[in-house]
Structures are given as structure tokens and as C-alpha cells.
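All residue numbers in this chain count up from 1 along the given sequence.
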Amino acid sequence: MESSCLAVLLLVAIGFEVFPYLQPDGTRLESIDFFYGFGHEALVAVCALMIAGQGLVRTGALEPVGRMLGRLWRASPQLSLLVTLLVAAILSAFMNNTPIVVLLIPILISVSVRNNTSPSGMLMPMGFATLVGGMSTTVGTSTNLLVVAVAAEQGMRKLGLFDFAIPASVAGVVAIIYLWLIAPRMLPQRDSILESAAPRLFTAHLTLEEKGFAVGKTLADLIEHTNGNLKAERIQRLGSQSSDIRIMPMPDVILQAGDRIRVSDTAENLKDYEKSLGAKLFVGKQQVDAEHPLVAEDQQLAEVVVVPGSPLAGSTLKNVRFIDQYQLVAVALHREGKEIDLYKKLGSVSMHVGDILLVQGAREKIAEMKKKGDLLVLDATMDLPHTNKAPIALGIMALVIGLAAIGWLPIAISALLGVMILLVTRCLDWADAGRALSTQVILIVVASLALGEALMKTGGADYLAQLFLFFTKGLPPPVILSALMLLLAILTNIVSNNAAAVIGTPIAISVASQLGLPAEPFVVAVLFGANFSYATPMAYKTNLLVMNAGGYHFADFMRIGIPLALAMWLTLSIFIPFYYDII
């Protein structure tokens with residue numbers, strides 16, 4: 001899929017380079033360099049901040065925040081929800097919101113487990129709070145970085161870190177109150193369906209009987225006889241000294257009476273193997289029968305979310321050698337509201353960010369996975385990944401933001417410097433840095449930058465601005481600004497928010513120019529509108545994480561997200577004209 005996208009983009013790039021645009025009179029217009037986006041300051045900043053955020057996740061730098069919130073939830077749930085929303089919003093103003101959502105999801109699920117309630121009333125408000133906080137600074141989201149960079153290229157002064165923080169804070173207060181007091185009461189209770197629907201695996205031994213089908217056959221014959229379902233983990237044979245000999249489960253191994261084949265499978269499949277192969281089923285030294293049913297000793301089921309930066313994102317269980325790496329078995333997959341029981345072929349399914357796997361294994365192995373931090377474990381505990389390098393990673397992030405805030409370095413340079421320090425101090429390795437980067441995000445940013453350049457060089461932005469002004473003819477400037485922000489709010493929930501931002505920014509500058517007004521308030525309106533990614537789960541990547549973890553339906557996002565977007569739009573439509581004096 002990614003190679004196909006790259007191929008399409010390369011063809012578009014060739015088209016831009018080989019076939020320059022022509023003006024109506026036939027004269028040639030300067031060709032557009034599609035590839036300039038790959039070295040663009042905004043893309044460098046986006047990538048560097050994604051890697052820096054991964055450093056916070058891998059080192060557990062946000063662990064103190066998680067533990068503080070965990071203790072507070074035990075004391076006062078209602079007050080704790082407000083504090084959680086505020087913390088999520090404030091942190092998201094200075095870093096990518098994905099690590100924050102990853103931090104808070106298991107905490108909120110833990111609270112719901114202890115109180116025997118559904119987490120659906122907390123997870124979506126928390127996810128939206130990170131989006132609200134992210135729009136308040138230039139580094140809060142990649143959308144903000146793109147708008148600021150594109151506007152600066154069009155001649156507008158470069159916006160500072162906190163230049164639009166005041167209007168964002170005013171709208172944020174309205175949003176937090178809504179998410180705290182109203183949204184939880186509007187959300188229906190949703191439950192995860194994985195544990196009740198997925199099969200549980202049991203590890204047992206099939207002891208081959210003297211006159212059974214399997215005796216004298218090869219392991220390949222047995223696999224064929226069971227329609228390819230039998231997965232032998234180990235073969236044990238009694239040796240001459242009354243000690244077991246371990247035999248590698250190779251296809252050409254010829255089986256003998258008394259051999260014990262170790263298998264992990266569902267109870268139904270194990271009983272089928274017992275009958276069809278002529279074997280006795282044992283767990284340990286105890287034969288399985290009506291009085292002694294199958295048991296999975298020291299086995300736990302855990303729901304695990306595929307998060308950005310995970311080795312599984314865009315790969316398969318087979319490719320990452322999941323069983324060997326984690327000593328756990330995946331038994332089911334939950335994706336975007338659909339329950340998929342694919343145990344027999346789950347290893348070949350390409351995993352997406354936001355997918356939830358139901359895994360089974362020893363308690364300590366699940367604990368090890370949680371500490372490793374590659375995947376998000378959804379269970380009733382709150383053990384967070386932690387290393388002694390957490391303070392270093394937190395200090396580096398503070399340095400990155402501080403240098404940009406006081407204007408000593410552009411955010412792209414300070415973030416790149418931060419990534420280098422993270423690598424030198426071993427807070428991250430190169431594999432972590434590579435996994436932190438999303439090919440999809442990079443290609444969207446590059447394509448969006450190229451599209452923005454095309455709109456300006458071809459006169460497309462001016463044309464669209466004239467078209468927009470035609471439909472808003474006679475309306476006062478504050479209403480035109482409000483209409484532009486609403487248009488971007490609708491667009492960002494349909495296409496990529498980055499694309500919406502880069503398309504809207506040159507249009508906003510052109511609209512302001514034709515009205516004879518300063519461009520900054522119109523650009524800020526575009527920035528805010530492009531951040532209203534609340535109405536659909538695909539509008540922003542953390543929406544998908546929250547959707548799967550909370551068991552939400554598509555309609556739940558519309559039920560909560562549309563009123564939130566309208567409330568913020570109305571608030572900003574009133575406040576921005578006063579704040580920028582364009583009444």
C-alpha cells in the first residue's frame with residue numbers, strides 16, 4: 001500500500017516537473033518543485049517532534065503524571081476527570097498528543113475496572129481534550145506547524161509559540177467545561193467485546209496411542225490430516241534411560257507410540273485432535289476428562305493496542321516474530337468496531353494503528369510487555385514503562401520547547417537538536433526513531449506542501465478566494481472569517497487535517513488581501529478550523545486509538561464531536577474579531 005502511494009506521488013511529481021503550467025495566453029509559468037516538501041522546515045519539525053515524543057514514551061518520562069492521576073482518581077472521580085482533562089490539554093500544547101493518549105488510556109480503564117463502570121464516559125472526552133490543547137501553540141500539532149510555515153512563506157510574519165494561545169485558551173475553557181460536565185452524560189455505555197468473543201488457548205500434550213492414526217506417520221501427515229490446523233510446539237519421546245528426548249517438530253519426523261506432542265490451541269480443537277489422531281489429552285500429568293477439564297495455569301488474557309511507533313504498526317505478527325519476542329500468543333483481533341476471530345491465520349494480517357489484539361500468556365510475560373512500552377496493554381493495572389533516563393528525556397523536551405519559545409532557535413532546529421541528544425544519551429536507539437516516523441504522515445505533509453505551493457503559483461488560491469468572497473458578498477469581515485473557519489472545520493473531518501490546513505492557509509491570505517485586512521486573524525481562523533477534528537474517528541489518529549479502547553461507534557463521535565466543534569466555532573467567531581480588532 002505504501003509503495004503504491006509512493007509510486008502515485010512520484011508520478012505526480014514528474015508531472016509537475018515535466019509539464020509546466022500554462023497561463024491562458026499560452027505563456028509558460030514557472031514549474032512547481034514537488035520535492036521541495038521533503039526538505040521543508042515544517043516537515044523536519046514534524047518528524048523531529050514525533051521522534052522526541054517517542055523518547056518520552058520509551059523512557060517513561062510521563063510516569064509521575066500517570067501515578068499522580070491514578071492516586072487522584074481513587075479520591076474523587078468527578079474532580080479527577082476535570083484534572084485529567086486539564087493535564088491532557090496542557091501537555092498536548094507542547095508535545096504530540098499520541099503519547100499522552102497512550103499514557104492515559106490504561107489509567108482510565110483501570111479506574112473503570114475498579115469501579116465496575118464503562119470507560120466510555122472518560123476516554124473520548126480525554127482524547128478530545130488533547131486535541132483542544134494541541135491547537136494552542138505552534139508545536140501542539142503538525143497542523144499548526146504547517147499553517148505557520150506556509151503563512152510565513154507567503155510573506156506573513158512568522159507566528160511565535162504563544163501568539164494565538166489566548167483565543168485558543170478562551171475556546172479551550174468552553175471545550176473543557178463541555179467535556180467535563182456534558183459529554184460524559186451524552187455518551188452511551190460501550191463495552192469491549194474481545195474477551196467474551198475470542199477463544200482461549202490451552203497448552204496440552206497429545207500422547208499417541210499404540211493403535212492410533214498418528215503412529216508411523218510423519219508430522220506432515222498429521223498436519224495434513226487436521227487440515228493444516230495442528231501446530232506442534234515440541235515432541236517428547238521416552239529414551240532408553242527413562243528420560244525424555246526432545247525432538248524438533250520437523251515435518252519429516254516419524255512418530256511413535258508414546259510420543260507426546262505439545263500443542264497450544266482452543267479446547268474444541270484439542271478435543272478434535274485427540275479423536276482424529278488417536279491420542280490421549282493431558283495437561284501436565286493429568287489426563288483431561290469430564291472430571292478434570294482443561295485449565296490454563298498461570299495464563300492471563302490481555303487486550304493490547306497497536307500504537308504509533310510499535311513494531312507491529314504496518315507489519316504482521318509473523319514478520320515481527322511476535323511469539324518469540326514476547327512469549328505470548330495472539331488469539332483475536334478487534335478493528336474499528338469489528339470483531340475478527342482469526343486465530344488460525346492471524347499471523348498474516350497486517351496490523352493498523354489502533355487495532356486491539358487479545359493476547360494470552362504467562363502473567364510475567366504480559367508484565368514484561370507492558371514495561372517494554374512497544375504496545376499499549378489495556379488491563380486493570382497501571383504499571384508504566386520507566387527507565388532511569390526518564391528525567392533526561394523530559395529535560396531534553398523542555399530544552400526543545402524552551403529554545404523555540406524564547407526565539408533562540410527555530411522549532412525545526414531545536415527539535416532536531418533534541419533528537420540528536422536523545423540518541424547520544426541512549427534515551428532512544430535508531431530503531432525507536434525509525435518506528436516513531438509515520439510514512440503516511442510524511443507523505444501527507446509533503447503532498448500538502450506541494451499542493452499549497454501549486455495553489456499559490458497557479459493562481460488557484462486567488463481564484464478560490466474570489467469564489468469564497470462571491471458567496472459571502474456583502475457580509476461583514478467577522479462573518480466572512482467565521483464562514484472560513486467553519487469551512488475548514490467541515491473539511492478537516494473529511495480529508496486530512498494537514499491537507500485542509502495547507503489548502504486553507506493561502507486562501508485565507510488571499511481573502512484578507514482582497515478585503516484589505518491583515519492576514520493574521522484569517523490564518524489563525526484556518527488553523528483553528530483545521531484542528532476541529534472531532535466529528536469522525538478517522539479525522540485524527542488518536543481518535544482511532546480512543547475508538548477501539550472505548551468500544552465506541554462512529555455515531556458516538558458525531559454525537560459528541562459536532563456539538564464540541566460548533567461550541568468552539570461560535571466562541572472563536574465572537575472572540576477573534578475583537579482580539580484582532582477587525583470589527
Side-chain angles (χ1 to χ4, degrees), residues 198-301 316-333 340-349 358-365:
R200 188 161 189 173
L201 303 187
F202 300 89
T203 299
H205 290 92
L206 292 165
T207 301
L208 304 185
E209 296 186 291
E210 183 72 37
K211 297 181 180 180
F213 168 84
V215 175
K217 302 291 195 304
T218 64
L219 183 58
D221 293 332
L222 270 62
I223 294 173
E224 183 180 358
H225 188 68
T226 58
N227 297 319
N229 295 333
L230 179 68
K231 296 179 178 65
E233 298 174 358
R234 190 169 64 205
I235 301 173
Q236 290 177 293
R237 179 172 295 168
L238 186 63
S240 58
Q241 303 296 324
S242 297
S243 59
D244 284 345
I245 300 172
R246 290 191 179 185
I247 301 175
M248 288 291 293
M250 304 297 291
D252 58 352
V253 170
I254 298 177
L255 300 166
Q256 302 176 6
D259 284 353
R260 291 190 298 164
I261 305 174
R262 177 173 170 170
V263 181
S264 292
D265 214 318
T266 63
E268 181 181 358
N269 284 346
L270 288 173
K271 297 301 289 183
D272 285 343
Y273 300 154
E274 184 181 37
K275 291 178 182 178
S276 64
L277 300 180
K280 291 291 185 183
L281 193 61
F282 286 82
V283 174
K285 295 183 179 180
Q286 177 63 55
Q287 184 177 342
V288 176
D289 53 32
E291 295 183 3
H292 302 91
L294 283 164
V295 293
E297 296 180 357
D298 192 35
Q299 295 283 295
Q300 277 191 327
L301 288 172
T316 65
L317 295 169
K318 186 182 297 182
N319 288 343
V320 301
R321 299 172 60 86
F322 185 82
I323 295 177
D324 294 335
Q325 185 174 352
Y326 298 103
Q327 300 298 303
L328 297 167
V329 178
V331 296
L333 170 68
I340 310 172
D341 179 5
L342 295 171
Y343 166 62
K344 295 183 180 65
K345 49 188 175 182
L346 191 56
S348 301
V349 177
L358 185 66
V359 302
Q360 179 180 318
R363 188 184 305 269
E364 64 270 16
K365 297 301 179 183

Rounded to the nearest 0.5 Å, what separates atom CG in Leu208 from atom NZ in Lys211? 16.0 Å
When rounded to the nearest 0.5 angstrom, what is the spacing between CZ in Arg260 and NZ in Lys280?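 Rounded to the nearest 0.5 Å, the CZ-NZ separation comes to 16.0 Å.
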With a 4.5 Å limit on heavy-atom distance, are the side chains of [X] and [Y] in contact?
{"X": "Gln236", "Y": "Arg234", "answer": "yes"}
{"X": "Pro251", "Y": "Leu219", "answer": "no"}
{"X": "Leu222", "Y": "Lys217", "answer": "yes"}
{"X": "Val253", "Y": "Ile235", "answer": "yes"}
{"X": "Leu230", "Y": "Leu277", "answer": "yes"}
{"X": "Leu317", "Y": "Val349", "answer": "no"}

Counterpart residues, side-chain hydrogen bond (donor to acceptor under 3.5 Å, both in side chains), relative to [X] (two or more places apart):
{"X": "Lys275", "result": "none"}
{"X": "Arg262", "result": "Glu233"}
{"X": "Ser276", "result": "none"}
{"X": "Thr218", "result": "Asp221"}

Indicate every side-chain donor-acceptor pair of residues 325-332 with a distance under 3.5 Å to a residue at least two apart or in another chain.
| from | atom 1 | to | atom 2 | distance (Å) |
| --- | --- | --- | --- | --- |
| Tyr326 | OH | Asp374 | OD2 | 3.3 |
| Gln327 | NE2 | Ile323 | O | 3.4 |
| Gln327 | NE2 | Asp324 | O | 3.0 |

Determine the minimum heavy-atom distance between Ala232 and Ile261, stating which atoms define it. CB-CG2, 3.6 Å
How close do Ala257 and Glu210 get, heavy atom to heavy atom, and via which atoms?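 Shortest heavy-atom separation between Ala257 and Glu210 comes out as CB-OE1, 3.5 Å.
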By side chain to side chain contact (heavy atoms under 4.5 Å, CB included), which residues pair with Gln256, not counting sequence neighbours?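 Scan of Gln256 (side chain to side chain contact (heavy atoms under 4.5 Å, CB included), adjacent residues dropped) gives Arg237, Asp259.
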Ring-face cation contact, Phe322 with Lys318, 6.0 Å cut, 45° max: no
Donor-acceptor pair, side chain of Tyr273 and main chain of Asn229, under 3.5 angstrom: yes
